[in-house]
Amino acid sequence: MSGAQHPTGRSLAFLTGIPATEVKGIGPKSAKKLGDSGINSVADLLLHVPRRYLDRSQIFDLAAVPLGEEVTVGGTVRSVDRRRISRGRTMITAVITDGTSVVTAMWFNPYLRIEEGSEVVLSGKAERFRGKLQMKSPDVDTWGEDSLVTGRVVPIHSAVGGIRPFRMRDAISNALRRSRPITEILPVQLRERLNLVTRDEAIANVHFPESKEDADAGRRRLIFDEFFRLEVALALRKQHQIEESHGVEHSADGHLVAEFIAALPYELTGAQRRTIGEIQHDMVGRHAMHRLLQGEVGSGKTVVAVAALLTAIQSGYQGAVMAPTEVLAEQHFLGIRDLLAGAGLAPPLEDPPAPAGTESLFSAGSTPESNDRPFVRMALLTSSNAGTNFTPPGAASRDDVVTWIGDGTVDLVVGTHALIQEGLHFDRLGLAVVDEQHRFGVYQRVSLREKAVSYDPDLLIMTATPIPRTLSMTLYGDLDVSILDELPPGRTPIKTHHVASGAASLERVYELVRSQATAGRQVFVVCPLVDDSDKLEVVSATAEYERLRHVFPELRLGLIHGQLPSAKKDRVMHEFRAGAIDVLVATTVIEVGIDVPNATLMVVEDADRFGLSQLHQLRGRVGRGAHAATCVLVADPTTPEGEERLAAMVASNDGFQLAEEDLRIRGQGTVFGTRQAGVKDLKIADILRDAEVLVTARREAFAMVAADPDLQNHREIAAEVEALLGEDEEWLFRS
């Protein structure tokens, strides 16, 4: 291994630059296999920690050895027999005694060296065969050897790309010997305060410990390091945002927000008031807001988002809401349009609209005093649909809406990816709201913000999917977080039942549907995503709709799915809201954004095909009014995970609790993949198991960056973050 050595050892940052091929036993073929699994450097090898350990430090007497367990025994080789067997294989049999008893060991390995009279140590499982003690293919070493596999706590490394564990162990041993001592990067005071072993001890002991306690201490340090690197990067990004931001200083004193809230037919919850206050506090500051708004199903996120948008608009800027699907964008448009109309903030219909600056209160140069009545011009823009709240239906084309966004006629636009299309420009974008952020890539979010050229608009990320606290600290650790943890008064918990798909169970479900419809209530029946193909999804929903028309000839049924033309989707949802449809057969297009207070029953077919958070979102479409609501999950789960998801749904209505349970069931897996670009999966740490360490690492990282914003006094830490996060570290700053 070439290269200059740090005066106090080699750092992990330095070892990321040493290719794995420098390690004895790793040739080009092995390096290719390792590289395909993300192990390219010596640092990667050293951070490929064992998945478990075997304690072979205790040597048993042969007379008292337990059977069927991994044990270590020792003795003198009494005899050795080598003979060829079928297919050219060689079997070696040795008889070993320790003075208390005798064991016969056998191997199918022509290269094994074992000699009569030598002192050896064997590790493996002991069994009795025809009354005699024997061991099949045990690990063997002679007394006094520096062994990796006998007489000690033995690491079991995972196989990588077909490279067997024992070869990984040997390669890591070689890499470790040639890398030590490994440089310490944490300040002594921090390490001692947290009772962390040194970096050198940690890496050595996690791989080849003297005891299980040593291995645990080493692993704890490396878990801290992994979280600490990530949180330092997030803290640096937040610091960078503050230093580089040229934000908009909005006003919280305008008329719009006050009139909007005063006109609501209900009182805001305490959580809504608190969250609106947090958002407005950020928006009036000179640095651009970067805030995550998350909350329970039905907790009133839309009202909070509208208050934020109106804060921007009353300050003379535009607001934008970007949703991941056309259906959700259209639902947001309709919902916000109705909220504005209910507050008296909707403009009169115009065809064509008045020129910008003559009617809109919020165009440049306008003041509240110059208009008899304030209003907000709003538009919808998707890849296939466009509309406004100030022109008759169908009167505004997509080109019209794009023009009106660019010249300032439109104060608030709701759309999909169409908002970041080339050629679309905002006149004065002041707030970008990104809904269901986990369905977007980070660059879409960045592209929307970059529609404002000379300044940084405020950013509000909104999600209806509760995020476990530990996950939000890693996925969105650079953002300030507002949580709506309170439901509006009068909401009753939704009762959830799991039933099998047999005829008898389905008949009971159908009777429940009839009883709700007869009582004047409404019902959702959701079909699963049978395949990734939208066409197959449509066929499934359509077929179920036709079948249920025969089951319920006396009821009024409707059908909605993602492939319906926008006008028809709008008509179906309008009829359902108006009570003209008793049972709506749907796909997951109704997962979010649908608010029908009279809907009291949700039936989810093949419910085990849905994820836990998706089931919770679907359930949240009912129970939004004054009447008690029920969710029925129809499924015959075929996997333990499916059974666990359904059991969790029956047991809890708490979205945050279900989010934690979902993470536990799925494992942390590719959690960072939800951002489409970003930090790789954690290699050692687990955000649930190691939540306490994560909290500590975050606290220490943010404190360090606050005291040393450029890490001028912690250059080794800065180098390690850059080296080990690589392109991800660059992405952290990009986003």
Side-chain angles (χ1 to χ4, degrees), residues 1 3 5-20 22-26 34 39 41-58 72 123 139 141 144-158 160 163 165-188 190-192 194-229 682-685 690 693 697 716-717 719-720 723-724:
M1 200 179 298
Q5 185 173 346
H6 191 281
T8 57
R10 293 181 172 90
S11 67
L12 278 184
F14 169 77
L15 293 172
T16 59
I18 307 298
E22 291 284 318
V23 176
K24 181 181 178 181
I26 298 180
L34 291 173
I39 298 177
S41 68
V42 171
D44 293 331
L45 271 176
L46 296 181
L47 295 178
H48 180 69
V49 302
R51 57 186 172 85
R52 63 187 181 95
Y53 301 89
L54 295 177
D55 188 355
R56 293 176 172 175
S57 58
Q58 180 181 359
T72 298
S123 293
D139 290 321
D141 285 290
E145 284 190 352
D146 184 16
S147 172
L148 297 178
V149 294
T150 62
R152 62 176 303 150
V153 176
V154 179
I156 307 298
H157 293 84
S158 300
V160 177
I163 300 175
F166 75 89
R167 286 192 59 200
M168 290 297 300
R169 182 172 57 225
D170 291 344
I172 291 169
S173 175
N174 182 273
L176 185 60
R177 284 198 306 272
R178 299 172 65 190
S179 300
R180 297 185 71 183
I182 297 171
T183 308
E184 179 58 67
I185 66 165
L186 293 182
V188 174
L190 185 155
R191 186 172 55 77
E192 291 180 347
L194 301 181
N195 193 28
L196 298 171
V197 299
T198 66
R199 169 70 64 75
D200 186 70
E201 288 178 282
I203 293 179
N205 288 343
V206 82
H207 287 294
F208 304 107
E210 293 295 324
S211 66
K212 187 64 165 57
E213 291 72 23
D214 288 345
D216 290 342
R219 185 178 291 269
R220 180 173 177 271
R221 167 62 198 269
L222 296 184
I223 288 170
F224 176 86
D225 286 351
E226 191 166 35
F227 282 140
F228 186 70
R229 280 190 293 270
L682 297 168
K683 296 178 180 178
I684 305 170
D690 306 313
V693 181
E716 297 92 346
I717 292 175
E720 184 169 304
L724 268 71

If we only count heavy atoms from C-beta on, is the [X] to [Y] side-chain gap below 4.5 Å?
X    : Y    : value
I185 : F228 : no
T72  : S123 : yes
I182 : L176 : yes
E226 : I223 : no
D225 : L12  : no
L34  : D44  : no
D200 : E184 : no

Do side-chain atoms of [X] reach the backbone of [Y] as a donor and acceptor pair under 3.5 angstrom?
X    : Y    : result
R221 : V197 : yes
R180 : I203 : no
H207 : P155 : no
R178 : E22  : yes

Going by an N to O cut-off under 4.0 Å, is there a salt bridge joining R229 and E720? yes

Please test R177 against N174 for side chain to side chain contact (heavy atoms under 4.5 Å, CB included), starting from the C-alpha separation and ending with a verdict. CA-CA 5 Å; R177 284 198 306 272; N174 182 273; 3.5 Å; yes

Please report the C-alpha distance between L45 and M168 in whole Å, then the side-chain angles of each, then the deciding distance to 0.1 Å, and finally whether the side chain to side chain contact (heavy atoms under 4.5 Å, CB included) criterion is met. CA-CA 9 Å; L45 271 176; M168 290 297 300; 4.0 Å; yes

Set of residues satisfying side-chain contact (heavy atoms from CB on, under 4.5 Å) with respect to A13, sequence neighbours excluded: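 Result, side-chain contact (heavy atoms from CB on, under 4.5 Å) vs A13: S11, A719, A723.
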
Taking only residues two or more places apart in sequence or in another chain, which ones pass side-chain contact (heavy atoms from CB on, under 4.5 Å) with R220?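 By the side-chain contact (heavy atoms from CB on, under 4.5 Å) rule, R220 matches L196.
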
Donor-acceptor side-chain pairing of R169 and S173 below 3.5 angstrom: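 The answer is no; no qualifying pair exists.
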
Could you work out, with ring-ring contact (aromatic ring centres under 6.0 Å, His included) as the rule, every residue matching H48, not counting sequence neighbours?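 H48 satisfies ring-ring contact (aromatic ring centres under 6.0 Å, His included) with no residue once adjacent residues are dropped.
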
